[in-house]
Number of protein chains: 2
Amino acid sequence: MRIALIGFGNVGKAFFQLLKNKRDNLEKNGISLEIISILNSQGGIFDAQGISLEYFSNEVELNKECYKYSNFAPTITLDYVIENGNIDAAVVLTPTNKDTGEPGITYIKKLLTKGINVITGDKGPILLEYNHLKKLAQDNNCTLAFGCTTGGALPSINSALFDLAGSEILEVRGVLNGTSNYIINEMEDNNLTFEEALKKAQDLGIAETNPTLDIEGYDTATKLIIICNTIFNKSLSLKDVNLSGISNLTIEEIHQGKTLGYKYKLIGTAKFINNSLTLSVGLDKVYSNDPLYNVDGKNKAVKFLSDTLGEVTVIGGASGTTPAAAAILRDIINIEKGINFTKF
Amino acid sequence: MRIALIGFGNVGKAFFQLLKNKRDNLEKNGISLEIISILNSQGGIFDAQGISLEYFSNEVELNKECYKYSNFAPTITLDYVIENGNIDAAVVLTPTNKDTGEPGITYIKKLLTKGINVITGDKGPILLEYNHLKKLAQDNNCTLAFGCTTGGALPSINSALFDLAGSEILEVRGVLNGTSNYIINEMEDNNLTFEEALKKAQDLGIAETNPTLDIEGYDTATKLIIICNTIFNKSLSLKDVNLSGISNLTIEEIHQGKTLGYKYKLIGTAKFINNSLTLSVGLDKVYSNDPLYNVDGKNKAVKFLSDTLGEVTVIGGASGTTPAAAAILRDIINIEKGINFTKF
């Protein structure tokens with residue numbers, strides 16, 4: 001498979017290194033992946049024979065600014081690559097804007113229109129325009145894979161598409177934000193206040209300096225919407241989610257929960273109320289007979305309730321750039337093996 | 001998709017009813033499934049236009065012996081159906097013999113050789129000859145799906161194939177036998193001895209009159225072998241499993257576990273010891289930070305440890321004939337959407 005890599009931040013770099021580490025193993029399994037081009041907003045690198053993983057990874061390891069890489073040229077654009085690269089797929093990993101979907105959405109639309117498969121970790125485009133992008137892929141005989149957008153290594157989209165096929169999904173409940181889950185867990189285990197636990201998470205690089213997206217539930221809501229739009233063929237957006245976060249949680253509430261046998265978790269829930277799909281994100285009491293109960297620390301999980309297959313829960317979501325890159329690689333391998341995500 | 005149904009026991013009947021219940025929903029999603037023939041060891045029913053689900057389900061509901069069904073003829077055989085039915089797939093649900101794989105294995109070989117997709121819940125053929133059957137499917141451009149053999153509704157095979165794609169699986173641990181898990185849970189919750197809990201499970205129809213396969217670990221071992229042969233391309237068999245069951249578990253041990261923070265579970269484990277894949281089934285102590293800890297009652301789960309995607313656990317496995325039939329339908333829908341299980 002001939003691949004263009006668009007966006008070369010931390011996950012892009014981890015993806016490149018992963019391909020280098022996995023190449024022998026993949027080739028043993030009959031899978032050959034070539035990176036034809038690496039692009040970012042300033043230009044790119046192009047080699048129709050495939051960029052040498054060894055040579056280039058030295059440059060990455062030197063941690064140079066990308067425009068200082070050998071052969072980097074501002075004239076290499078996506079149009080140039082589509083015209084000259086004969087690419088089968090593009091991996092789109094740009095810094096996502098959740099209000100506009102840019103810059104990923106413009107790249108993705110161009111690629112799908114040309115019949116080129118897209119694998120992305122960009123939440124913005126999928127959050128804002130999944131149904132339109134899905135139709136573009138269907139109309140142009142290619143596919144769009146986005147498993148990385150909803151928990152990285154957590155196979156939430158895989159599970160929604162393949163594990164519940166033929167059943168009706170009645171309810172979705174997920175622990176979808178590792179940072180919030182880590183903070184709550186610190187409060188439980190180490191008797192920290194919310195502020196102390198947040199500070200610890202920030203010091204460890206788990207929470208961002210501005211933690212709003214994580215702790216106020218926006219990240220959970222984004223992932224829940226992507227999962228629901230995928231399953232239910234809807235075009236839900238953030239305004240459709242009844243949203244609250246974890247910043248008001250107190251140690252007293254946690255103590256009371258321990259006494260009464262439940263834990264608090266930031267849960268994204270989608271269920272049908274009077275036949276209408278209703279989405280909410282907020283603190284919820286989770287009892288010990290619930291598979292989500294022990295999803296602690298940075299772990300993530302999603303539980304589906306279905307009519308004929310009962311409850312199916314997936315737990316996982318190793319954090320960091322390598323698992324995120326491995327989630328991209330997973331989608332690529334599944335496409336290479338013939339899976340078309342947008343056929344579901 | 002034109003389907004022959006081979007074997008018409010409880011799961012076969014549930015599958016037939018499920019198709020009837022789901023037909024409108026499936027057709028709304030562009031999926032049309034026709035049952036062309038129903039076969040068992042005594043003969044069968046055949047209608048090249050598709051057997052009427054309504055008409056036939058009346059016969060099923062009357063609980064007649066199958067040979068009394070309208071149009072049942074001893075001259076209808078699989079050869080006849082292959083010759084005259086133009087079938088795309090066969091669902092094989094015969095009473096399985098785990099020493100010979102018969103009668104399913106003969107049916108499955110014949111079907112795959114003719115390029116007809118097979119979806120089966122028969123453990124015997126997959127346990128004994130998976131690699132041979134996989135090659136038959138590959139050589140004849142069709143596929144073999146067997147998700148139902150390893151926990152029914154639990155998507156263990158899906159997860160092994162699609163959720164860990166591109167990563168290296170380092171370890172598999174599973175709670176794969178609902179009956180054993182139920183018995184242990186009864187001992188824990190209701191302070192029953194093993195014998196009392198077994199008796200209760202038998203009275204409720206959860207355990208069989210001869211419970212050996214479940215409580216001595218053979219069923220867990222069978223599922224573990226199927227999962228491992230699928231993942232690791234091996235031809236492991238029961239003799240490769242270090243096997244023990246749950247019948248020696250005492251209330252005292254359970255009490256001690258409660259005090260020390262662990263539960264006993266019957267766990268199937270596959271891991272590499274000195275580069276050699278080593279399989280075992282037996283009671284294991286499971287601590288509360290393990291996603292398997294709360295897999296109680298009749299639930300089942302499998303946990304994969306991988307190099308780049310971390311830990312991925314799936315929990316589920318609603319019991320009974322409808323979830324088993326729904327697991328068959330899931331495989332059919334996935335095939336209909338273009339997934340080829342034997343390409344992985």
May I ask you to name which of [options] has the most heavy-atom pairs under 4.5 Å with chain A?
options	value
B:A326, B:A324, B:A301	B:A326
B:G310, B:A165, B:G316	B:A165
B:A325, B:S288, B:S159	B:S288
B:I339, B:L18, B:N334	B:N334
B:I332, B:D307, B:L161, B:N21	B:D307

So which atom in [X] and which in [Y] form the shortest heavy-atom distance, rounded to 0.1 Å?
X	Y	value
B:V312	A:A153	CG2-O, 4.3 Å
A:K22	B:E168	NZ-N, 3.6 Å
A:L164	B:R330	N-CD, 4.4 Å
B:F162	A:N158	O-ND2, 3.1 Å
B:L329	A:G166	CD2-O, 3.8 Å
B:K337	A:F344	CB-CZ, 3.4 Å

Heavy-atom distances under 4.5 Å only: say whether A:N29 touches chain B with side chain, backbone, both or neither.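 Looking at A:N29, nothing touches chain B.
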Are more than 12 heavy atoms from other residues, nucleotides or ligands located less than 6.0 Å from atom [atom1] of [X]?
X	atom1	answer
A:N25	CG	yes
B:K258	NZ	yes
A:D139	CG	yes

Which bit of B:D331 is near chain A, if near means a heavy-atom gap under 4.5 Å: side chain, backbone, both or neither?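 Contact with chain A is absent: no heavy atom of B:D331 under 4.5 Å.
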Given a strict heavy-atom distance threshold of 4.5 Å, which part of B:D296 is in contact with chain A: side chain, backbone, both, or neither?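 Neither part.
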Contact check, side chains of A:I315 and B:I315, non-hydrogen atoms, under 4.5 Å: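 Touching, per the 4.5 Å side-chain cut-off.
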For the CG atom of A:D163 and the CD1 atom of B:I157, what is their distance to the nearest 0.5 Å?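 Rounded to the nearest 0.5 Å, the CG-CD1 separation comes to 11.5 Å.
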Can any side-chain N or O of A:N294 pair as donor or acceptor with the backbone N or O of B:Y293 at less than 3.5 Å?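 A pair under 3.5 Å: no.
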Chain B interface, residue from A:L309, A:I333, A:V314 that has the most non-hydrogen pairs under 4.5 Å: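 With the most close heavy-atom pairs to chain B, the winner is A:L309.
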Closest-packed option against chain B by number of heavy-atom pairs under 4.5 Å, given A:P291, A:S319, A:P323: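 Top option by heavy-atom pairs under 4.5 Å: A:P323.
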